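Remarks on the structure that follows.
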Amino acid sequence: MERRAFIKKSGVAGLALAALPNLAFSKDFEYSILELMGKTDIKLYGKGINLRKEAHDAFVEMKKAAYSDGIDLKVVSSYRNFERQRSIWERKYLKYTDDSSMTPLKAIDKIIEYSTIPGTSRHHWGTDIDIVDGNRNVKGDMLVPSKFGEGEPYADFKKWMDENAKTFDFHLVYTDVPGRRGFKYEPWHFSYAPISVPMLTEFRRKNIMQLLKDEDFYGSEHFTEGFLTTYIQDNILDINTESFIGLLYIEMINNTIPCAEEVGK
């Protein structure tokens with residue numbers, strides 16, 4: 001759907017305020033490219049949590065609420081710097097190209113089903129977490145979508161998060177909504193929207209394509225302009241609708257897109 005049509009049909013200002021109330025009081029945000037790409041140290045809070053302070057405090061409150069309902073929110077992954085993301089990327093690239101004998105392009109397509117290109121991960125921001133229910137004893141890989149389905153180990157966790165996460169300003173990023181492109185469904189990945197939405201807005205203002213062209217790691221030589229364009233549109237921008245509404249609202253108040261009344265003129 002065209003972005004302008006989306007704004008017109010949704011009444012973006014009202015929906016944004018309802019979905020992300022804290023953003024109504026947001027002012028100017030500015031983040032360096034090194035910060036956005038995980039290439040500089042940021043102050044993190046909480047042993048085993050590792051989030052920016054506001055996100056950390058909100059998570060602690062959410063964890064307390066969940067615990068009272070029998071859910072133990074356990075952080076599997078949170079902040080990752082550029083080098084950590086590079087190691088994940090290169091490990092998978094070598095695994096798929098060497099062990100599985102995939103071509104470089106097929107290996108890259110396989111990696112970006114769930115993993116980001118170094119420098120583009122939301123986990124660089126100190127706002128995003130992968131979480132599960134620590135009360136459940138799950139064997140093998142915990143981060144498998146099927147384990148969050150009805151009757152599965154993390155079904156109660158998913159139900160609780162669906163009903164309560166937004167109260168604490170945490171939003172699911174990669175939904176299972178039909179037609180959403182990019183990364184596959186991740187029922188474990190939540191983002192603290194009052195910070196991550198303006199960070200994404202700031203990231204979009206950068207020349208992401210050129211930044212990625214300047215990087216050097218296994219497989220990066222195969223990044224074509226067409227691939228990067230699709231990656232940016234699908235994997236970076238095609239996320240949870242509610243988060244996108246918040247992003248559009250910030251852009252609207254910063255005069256980067258027309259307000260609802262002007263759409264269609």
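Values in this document were obtained by computation on a predicted structure and should not be read as measured data.
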Shortest non-hydrogen contact between [X] and [Y], atoms and distance:
| X | Y | value |
| --- | --- | --- |
| I112 | F227 | CD1-CE1, 3.8 Å |
| A55 | G126 | CB-O, 4.0 Å |
| H124 | P118 | NE2-C, 4.2 Å |
| K147 | M142 | CD-O, 4.1 Å |
| N135 | G70 | ND2-O, 3.0 Å |
| K63 | L73 | NZ-O, 2.6 Å |

Gap between atom [atom2] of [Y] and atom [atom1] of [X] - 0.5 Å precision:
| X | Y | atom1 | atom2 | answer |
| --- | --- | --- | --- | --- |
| E150 | K159 | CD | NZ | 11.0 Å |
| Y45 | H56 | OH | NE2 | 9.5 Å |
| N235 | D238 | CG | CG | 8.5 Å |
| N81 | L34 | CG | CG | 12.5 Å |
| I129 | F59 | CD1 | CZ | 4.5 Å |
| L105 | T224 | CG | OG1 | 8.0 Å |

Test side-chain contact (heavy atoms from CB on, under 4.5 Å) applied to L212 and I117, step by step: CA-CA 8 Å; L212 294 179; I117 294 174; 3.8 Å; yes
[Y]/[X] salt bridge by N-O under 4.0 Å criterion:
| X | Y | answer |
| --- | --- | --- |
| R52 | E35 | yes |
| E113 | K184 | yes |
| D156 | R136 | yes |
| E225 | K213 | yes |

Applying side-chain contact (heavy atoms from CB on, under 4.5 Å), name anything that partners P145, two or more places apart in sequence or on another chain.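 Per chain and number, P145 pairs via side-chain contact (heavy atoms from CB on, under 4.5 Å) with Y114, Y185, P187, W188.
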With sequence neighbours excluded, tell me which residues meet side-chain contact (heavy atoms from CB on, under 4.5 Å) with A165.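 Per chain and number, A165 pairs via side-chain contact (heavy atoms from CB on, under 4.5 Å) with M62, M161, F170, F190.
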Can you find a pair of side-chain heavy atoms, one from [X] and one from [Y], that are under 4.5 Å apart?
| X | Y | value |
| --- | --- | --- |
| K166 | H171 | yes |
| L51 | D57 | no |
| T175 | I239 | no |
| I33 | L211 | yes |

When Q85, K110, K92, R91 are each screened for side chain to side chain donor-acceptor pair (under 3.5 Å) with S115, the one that passes is K92
Relative to the ring of F148, is the ring of Y154 parallel (under 30°), tilted (30 to 60°) or perpendicular (over 60°)? tilted
Does one hydrophobic cluster hold both [X] and [Y], with members joined at side-chain heavy-atom distances below 4.5 Å?
| X | Y | value |
| --- | --- | --- |
| L228 | L36 | yes |
| L143 | I49 | yes |
| W160 | V76 | yes |
| V75 | L44 | no |
| I195 | V60 | yes |

Where do D214 and Q210 land on the side-chain hydrogen bond (donor to acceptor under 3.5 Å, both in side chains) test, with the steps shown first? CA-CA 6 Å; D214 291 341; Q210 188 58 52; 3.0 Å; yes
Would the number of heavy atoms belonging to other residues, nucleotides or ligands and lying under 6.0 Å from [atom1] of [X] be above 12?
| X | atom1 | result |
| --- | --- | --- |
| K74 | NZ | no |
| E221 | CD | yes |
| K106 | NZ | no |
| F223 | CZ | yes |
| E163 | CD | yes |
| D216 | CG | no |
| D99 | CG | yes |

[X] side-chain N/O to [Y] backbone N/O, donor-acceptor pair under 3.5 Å:
| X | Y | value |
| --- | --- | --- |
| S101 | T97 | no |
| D133 | D72 | yes |
| E90 | Y218 | yes |
| D169 | Y192 | no |
| R180 | F183 | yes |
| W125 | M37 | no |

Strictly by modelled atom types, are D128 and S191 linked by a side-chain donor-acceptor pair under 3.5 Å?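 There is such a pair between these side chains.
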Decide yes or no on side-chain contact (heavy atoms from CB on, under 4.5 Å) for Y174 and R122, but give the supporting numbers first. CA-CA 11 Å; Y174 307 116; R122 298 177 63 94; 3.4 Å; yes
Verify side-chain hydrogen bond (donor to acceptor under 3.5 Å, both in side chains) between T120 and Y231, making sure each step is shown before the conclusion. CA-CA 10 Å; T120 69; Y231 176 81; 2.7 Å; yes
Applying side-chain contact (heavy atoms from CB on, under 4.5 Å), run through T127 and Y79 and close with a yes or a no. CA-CA 8 Å; T127 59; Y79 175 77; over 6 Å; no
Residues in ring pair (Phe, Tyr, Trp, His ring centres under 6.0 Å) contact with H123, at least two apart in sequence or another chain: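 Scan of H123 (ring pair (Phe, Tyr, Trp, His ring centres under 6.0 Å), adjacent residues dropped) gives H189.
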